[in-house]
Structures are given as C-alpha cells and as structure tokens.
Peer 1: 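Attaching a single structure in structure tokens format; questions to follow.
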Amino acid sequence: MPTLMVRYKVKEEGVPEVLAAVQAAFAAIEAKRPPGLRFEYCHQPEGHEFFGLLELEEGAENPLLGIPEARALQATVARHALGGAPTPQPWVKLGSHGFAR
C-alpha cells in the first residue's frame, strides 16, 4: 500500500478555515466511502501545524481527486500554508502496532 504524507503549518488566521475544510472533506469521503482508501488528518492542539496520511490499495487511483470537497481542502491549504502549497511525499511503513495494516 503506497503511503503519502503531507505536513504543513498555516497562518494563525487560516486555522479555522482549514479545520472547516477538513471537516467538509471527511463528511464527503464518509458519504462516498471510496474503496481502497485510508485517509487520516491531524492537527496540533493549540497550534498551526497539520498533517495528513493517505494510503491507497496497490494500483488504486486516488479517489480524492474526484471529490469536490477534498479538492476544496487542497485549495484552502494552498491559500493558508506558510511557504506555499505543500506537496505530499511518499513514505515507507517500517512497522506498526495497533493500527490496521
């Protein structure tokens, strides 16, 4: 399963808008329940840092590209991220305990 991670910081005034965009994206993802997708998003409490993890089944296309609310999340992040829009980077899972594999 390919794993991608995006990590970024936003301007303080952008935090509420990014949080709202994350909630909207996950509501749409839950409604559509695309197969082959595992997606997680985290926010540092009392901070301005976010990260997202995306895992796709081997050979699966990224269904987030076809979900308007997920695309809106990307646009919102691009507007508020310090240093410009972040780019997801590939990661290799070395081990896991207690999380689904």
Side-chain angles (χ1 to χ4, degrees):
M1 239 184 215
T3 301
L4 297 172
M5 179 178 155
V6 63
R7 183 176 173 188
Y8 58 92
K9 291 182 180 180
V10 299
K11 302 169 228 165
E12 185 175 347
E13 62 272 12
V15 171
E17 190 175 342
V18 172
L19 289 171
V22 169
Q23 290 174 343
F26 274 88
I29 292 164
E30 283 297 316
K32 293 184 187 302
R33 297 200 168 277
L37 170 72
R38 291 190 2 202
F39 189 44
E40 182 174 51
Y41 228 86
C42 298
H43 172 237
Q44 183 184 28
E46 308 296 324
H48 309 124
E49 190 167 359
F50 293 82
F51 77 87
L53 291 173
L54 170 68
E55 285 187 340
L56 299 171
E57 285 184 5
E58 208 62 49
E61 294 292 320
N62 185 350
L64 297 178
L65 300 175
I67 299 175
E69 294 85 350
R71 302 289 293 184
L73 171 58
Q74 288 179 315
T76 300
V77 168
R79 274 195 312 278
H80 295 291
L82 297 172
T87 303
Q89 300 295 314
W91 289 77
V92 176
K93 188 181 295 186
L94 299 176
S96 180
H97 177 81
F99 289 97
R101 286 190 163 211

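Positions are given from 1 along the sequence.
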Peer 1: Within a 6.0 Å radius of atom CD on Gln44, are there more than 12 heavy atoms belonging to other residues, nucleotides or ligands?
Peer 2: yes

Peer 1: Let me see the working for Leu73 and Val22 under side-chain contact (heavy atoms from CB on, under 4.5 Å), right down to the final yes or no.
Peer 2: CA-CA 6 Å; Leu73 171 58; Val22 169; 3.6 Å; yes

Peer 1: Could you tell me which non-hydrogen atom of Gly47 sits nearest to which non-hydrogen atom of Val15, and how far apart they are?
Peer 2: O-CG2, 4.1 Å

Peer 1: Working to the nearest 0.5 Å, report the span between OG1 of Thr3 and CZ of Arg38.
Peer 2: 7.5 Å

Peer 1: Please report the closest heavy-atom contact between Ala28 and Glu69, naming both atoms and the distance.
Peer 2: CB-OE1, 3.3 Å

Peer 1: Measuring from Glu40:CD to Glu55:CD, what's the distance to the nearest 0.5 Å?
Peer 2: 9.0 Å

Peer 1: Could you walk me through whether Val6 and Val77 pass side-chain contact (heavy atoms from CB on, under 4.5 Å), step by step?
Peer 2: CA-CA 11 Å; Val6 63; Val77 168; over 6 Å; no

Peer 1: Find the distance between CZ (Arg7) and CZ (Phe50) and round it off to the nearest 0.5 Å.
Peer 2: 13.0 Å

Peer 1: For the CG atom of Leu53 and the CG atom of Leu4, what is their distance to the nearest 0.5 Å?
Peer 2: 9.5 Å

Peer 1: Taking Gln89 for the side chain and Thr87 for the main chain, is one N or O donor matched with an acceptor at less than 3.5 Å?
Peer 2: yes

Peer 1: Measuring from Gln74:CD to Leu65:CG, what's the distance to the nearest 0.5 Å?
Peer 2: 6.5 Å

Peer 1: Is there a continuous path of hydrophobic side-chain contacts, each under 4.5 Å between heavy atoms, that joins Leu82 to Val18?
Peer 2: no

Peer 1: Return the minimal non-hydrogen interatomic distance between Ala81 and Pro86, and the atom names on each side.
Peer 2: CB-CD, 3.9 Å

Peer 1: I need the Leu54 CG to Tyr41 OH distance, nearest 0.5 Å.
Peer 2: 10.5 Å

Peer 1: Going by heavy atoms in the side chains, are Pro34 and Leu64 under 4.5 Å from each other?
Peer 2: no

